[in-house]
Amino acid sequence: MSDCIFCKIVTGEIPGRKIYEDDEVLAFHDIHPVAPVHFLLIPKRHIVSLAECGAGDRDILGRMMLLAPKLAHEQGLDAGFRTVINTGHGGGQEVFHLHVHVFGGGAGLPGF
Ligand code: 5GP
Ligand code: ZN
């Protein structure tokens with residue numbers, strides 16, 4: 001998607017503070033962190049949102065879920081972290097390229 005900001009981070013067209021990359025997944029720090037550590041996990045392939053995923057996306061979704069705790073640990077979030085996937089306008093999604101927020105650190109996060 002030529003006008004997608006996260007696709008542009010994948011290609012390097014715009015900079016991103018990358019923390020992990022493989023053939024299918026990229027992770028980089030959120031530009032507006034809501035916690036001391038806040039990064040995003042995205043598929044390199046443009047997928048609009050969780051609502052657009054199907055059975056063919058099982059592997060990429062599984063990869064991202066399994067990477068979340070691994071990267072959280074590498075980022076020092078040993079006390080725990082929160083994962084959030086905003087889906088659609090009603091879910092507060094602003095960038096329409098699937099992403100998993102992972103954040104935590106500091107004094108910790110309130111429960112809800
Ligand atoms: P959403 O509301 O779609 O779930 O979250 C989008 C996230 O992307 C926001 O937390 C926002 O700060 C982050 N974001 C938006 N544009 C950029 C950017 O150009 N670079 C980075 N690193 N993060 C971005
Ligand atoms: Zn994209």
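Start at 1 and go down the list; that is how both ligands and their atoms are numbered. The structure displayed is predicted, hence computed values, not measured ones.
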Please tabulate, for the side chains in residues 76-92, all donor-acceptor contacts under 3.5 angstrom to protein atoms that are two or more places apart in sequence or on a different chain.
from: Asp78; atom 1: OD1; to: His73; atom 2: ND1; distance (Å): 2.6
from: Arg82; atom 1: NH2; to: Pro110; atom 2: O; distance (Å): 2.5

So which residues get pulled into Leu66's cluster when ILVMFWY side chains under 4.5 Å apart are joined, directly or through others?
-> none
Would you list the pairs meeting ring-ring contact (aromatic ring centres under 6.0 Å, His included) in which at least one residue belongs to residues 2-35, sequence neighbours left out?
-> Phe6-Phe28, Phe6-His99
Would you mind listing each N/O atom of ligand 1 next to any protein N/O under 3.5 Å, plus the distance?
from: ligand 1; atom 1: 2 (O); to: Gly92; atom 2: O; distance (Å): 3.0
from: ligand 1; atom 1: 2 (O); to: Glu94; atom 2: N; distance (Å): 3.3
from: ligand 1; atom 1: 3 (O); to: Glu94; atom 2: N; distance (Å): 2.6
from: ligand 1; atom 1: 3 (O); to: Val95; atom 2: N; distance (Å): 2.9
from: ligand 1; atom 1: 3 (O); to: His99; atom 2: NE2; distance (Å): 3.0
from: ligand 1; atom 1: 4 (O); to: Asn86; atom 2: ND2; distance (Å): 2.8
from: ligand 1; atom 1: 4 (O); to: His99; atom 2: NE2; distance (Å): 2.7
from: ligand 1; atom 1: 4 (O); to: His101; atom 2: NE2; distance (Å): 2.8
from: ligand 1; atom 1: 5 (O); to: His99; atom 2: NE2; distance (Å): 3.1
from: ligand 1; atom 1: 5 (O); to: His101; atom 2: NE2; distance (Å): 3.3
from: ligand 1; atom 1: 10 (O); to: Asp30; atom 2: OD1; distance (Å): 3.2
from: ligand 1; atom 1: 10 (O); to: Asp30; atom 2: OD2; distance (Å): 2.5
from: ligand 1; atom 1: 12 (O); to: Asp30; atom 2: OD1; distance (Å): 2.5
from: ligand 1; atom 1: 22 (N); to: His29; atom 2: O; distance (Å): 2.9
from: ligand 1; atom 1: 22 (N); to: Ile31; atom 2: N; distance (Å): 3.4
from: ligand 1; atom 1: 23 (N); to: Ile31; atom 2: N; distance (Å): 3.3

For the residue pair Glu24 and Lys44, establish whether any side-chain heavy-atom pair is separated by less than 4.5 Å.
-> no
Flag yes if Val95 and Phe39 sit in one hydrophobic cluster, no otherwise; membership is Ile, Leu, Val, Met, Phe, Trp, Tyr, and two members link when side-chain heavy atoms are under 4.5 Å apart.
-> no
Any Leu98 side-chain heavy atom under 4.5 Å of Gln93 side chain | no
If you round to the nearest 0.5 Å, how far is NE2 of His38 from CD of Gln75?
-> 12.0 Å
Write the atom name of the N, O or S atom in His97 that is nearest the Zn ion (ligand 2).
-> ND1
Looking from the Zn ion (ligand 2), what is the angle between SG on Cys4 and ND1 on His46, to the nearest 10°?
-> 110°
